[in-house]
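FYI, the numbering just counts along the sequence from 1.
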Amino acid sequence: HADLTVVSLHLGDTRIGHEGARGGCAALADSPLCERSLRGNGLDARAAEPLCDAIRRSTSLAKLDVSYNRLSTRAAKLLGEVLGENAHTLLNLDLSWNTLRPAGGAALMMGLCANTCLSHLSLNWNGLQEPAAGAPQPENAGRFRRALSSMLELNRALTKLEISHNRIDYPDTLPRPSGMKLVCVD
């Protein structure tokens, strides 16, 4: 028998929840997997720490799909920290259909300002919209927009950013780094 190496594992829609994610993330960190899908498993903020630890510790993970979960602002903050450290091999991250909201999106963008690894990020359908002009403005209004603009000015690794269906009405005013594709359809 020849040695067999699994490089891709798709556990999407298996409803493993945060406890299953904890065990799966621990195994992920020590495996040769290049691609992992945990989409649609009800992962929430409790899964964020083991997920970030797995990203930090993995020496082979290039693509991670955690779309269609319940990852929130707290998860986005932790992911922003990990992505900013550049101590990972992750190239492609799909966070679509979560609940990051503007504060989580801003924290993620700030981490990406220093990123030199991640090249494709999908944040579609994450509630990143901020109040319209003239509407009551919360204390941190405009924070996501400023963080996104900063990231677009500083990040040279990201080649594709998808932020569609977040009611972002200002894509034409954002900086456009050479070679980066910004996808924003609403």
Side-chain angles (χ1 to χ4, degrees), residues 10-25 28 36-56 61 63-85 88 90 92-113 115 118 120-133 135-152 155 158 160-171 174 182-186:
H10 296 269
L11 296 173
D13 300 310
T14 55
R15 298 185 179 154
I16 61 173
H18 71 276
E19 287 300 324
R22 184 175 304 280
C25 288
L28 166 67
R36 180 91 181 239
S37 175
L38 295 170
R39 66 181 278 138
N41 278 300
L43 305 182
D44 58 21
R46 294 172 289 185
E49 286 185 38
L51 184 63
C52 289
D53 186 51
I55 293 170
R56 258 187 207 104
L61 184 64
K63 184 176 183 180
L64 179 61
D65 182 353
V66 287
S67 61
Y68 292 91
N69 280 292
R70 293 188 310 251
L71 297 173
S72 63
T73 298
R74 180 173 176 270
K77 288 177 181 176
L78 293 171
L79 283 165
E81 290 171 11
V82 135
L83 296 174
E85 293 169 3
H88 60 85
L90 196 59
N92 186 318
L93 177 60
D94 189 347
L95 286 164
S96 298
W97 287 93
N98 279 285
T99 55
L100 304 184
R101 306 289 182 241
L108 192 60
M109 293 303 111
M110 295 315 295
L112 287 172
C113 284
N115 170 65
L118 192 70
H120 181 187
L121 176 63
S122 182
L123 296 173
N124 300 319
W125 297 96
N126 263 291
L128 300 174
Q129 75 274 9
E130 295 181 292
Q137 300 291 313
E139 184 178 314
N140 60 359
R143 188 168 160 214
F144 173 71
R145 182 180 188 157
R146 289 188 302 274
L148 176 60
S149 291
S150 293
M151 186 279 296
L152 290 171
N155 184 298
L158 207 58
K160 186 173 185 182
L161 175 62
E162 299 177 51
I163 53 173
S164 293
H165 305 290
N166 283 295
R167 296 185 182 167
I168 294 173
D169 60 1
Y170 49 84
L174 294 170
L182 178 65
V183 181
C184 184
V185 179
D186 277 308

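Residues satisfying the salt bridge (charged side-chain N to carboxylate O under 4.0 Å, His left out) criterion with Arg56, sequence neighbours excluded, are Glu85. Among residues two or more places apart in sequence or in another chain, the side chain to side chain donor-acceptor pair (under 3.5 Å) test is passed with Asn124 by Ser122, Glu162. With sequence neighbours left out, Trp125 forms a side chain to side chain donor-acceptor pair (under 3.5 Å) with no residue at all. For Asn98, there are no side chain to side chain donor-acceptor pair (under 3.5 Å) partners, not counting sequence neighbours. Among residues two or more places apart in sequence or in another chain, the ring pair (Phe, Tyr, Trp, His ring centres under 6.0 Å) test is passed with His120 by none.
Between the side chain of Thr99 and the backbone N or O of Leu71 there is at least one donor-acceptor pair closer than 3.5 Å. Side-chain atoms of Asn41 come within 3.5 Å of backbone N or O of Ile16 as a donor-acceptor pair. Listed for the Asn166 side chain is a donor-acceptor partner under 3.5 Å among the backbone atoms of Leu123. Judged purely by atom type and a 3.5 angstrom limit, Asp186 uses its side chain to pair as donor or acceptor with the backbone of Ile168. Of the possible polar contacts, one joining the Asn69 side chain to the Gly42 backbone as a donor-acceptor pair under 3.5 Å is found.
With rounding to the nearest 0.5 angstrom, the OG atom of Ser67 is 9.5 Å from the CG atom of Leu38. The structure places OG of Ser37 at 11.5 Å from OH of Tyr68, a figure rounded to the nearest 0.5 Å. Here the NZ atom belonging to Lys77 is positioned 13.5 Å from the SG atom belonging to Cys52, to the nearest 0.5 angstrom.
Sorted by first and then second residue, the pairs that involve residues 40-50 and meet salt bridge (charged side-chain N to carboxylate O under 4.0 Å, His left out), not counting sequence neighbours, are Asp44-Arg46, Glu49-Arg74.
Nearest heavy atom pair, residue Arg143 against residue Ala103, reads NH1-CB, 4.2 Å. The shortest non-hydrogen separation linking Arg101 to Leu128 is O-CD2, 3.3 Å. In this structure, Cys113 and Ser150 approach most closely via the heavy-atom pair SG-C, 3.9 Å.
Annotation: side chain of Leu64 is not in contact with side chain of Asp94 (no heavy-atom distance under 4.5 Å). Side-chain contact between Leu121 and Asn92 is absent, with no heavy atoms from C-beta onward closer than 4.5 Å. Counting only heavy atoms from C-beta outward, the side chains of Leu161 and Leu112 never approach each other to under 4.5 Å. A heavy-atom distance below 4.5 Å is found between the side chains of Val183 and Lys160. With contacts defined as side-chain heavy-atom distances shorter than 4.5 Å, the pair Leu152/Leu148 qualifies. With a 4.5 Å cut-off on side-chain heavy atoms, Leu93 and Leu118 count as touching. Contact of the Arg70 side chain with the Leu43 side chain is not registered, since no non-hydrogen atoms from C-beta on lie closer than 4.5 Å.
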Going through the distances and angles, do Ile163 and Asn126 end up as a side-chain contact (heavy atoms from CB on, under 4.5 Å)? CA-CA 8 Å; Ile163 53 173; Asn126 263 291; over 6 Å; no
Would Leu158 and Met151 count as a side-chain contact (heavy atoms from CB on, under 4.5 Å) if you check the C-alpha gap in whole Å, the side-chain angles of each, and the deciding distance to 0.1 Å? CA-CA 10 Å; Leu158 207 58; Met151 186 279 296; 3.9 Å; yes
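A salt bridge links Arg39 and Asp65; the closest N-O separation between the charged side-chain nitrogens and carboxylate oxygens is under 4.0 Å.
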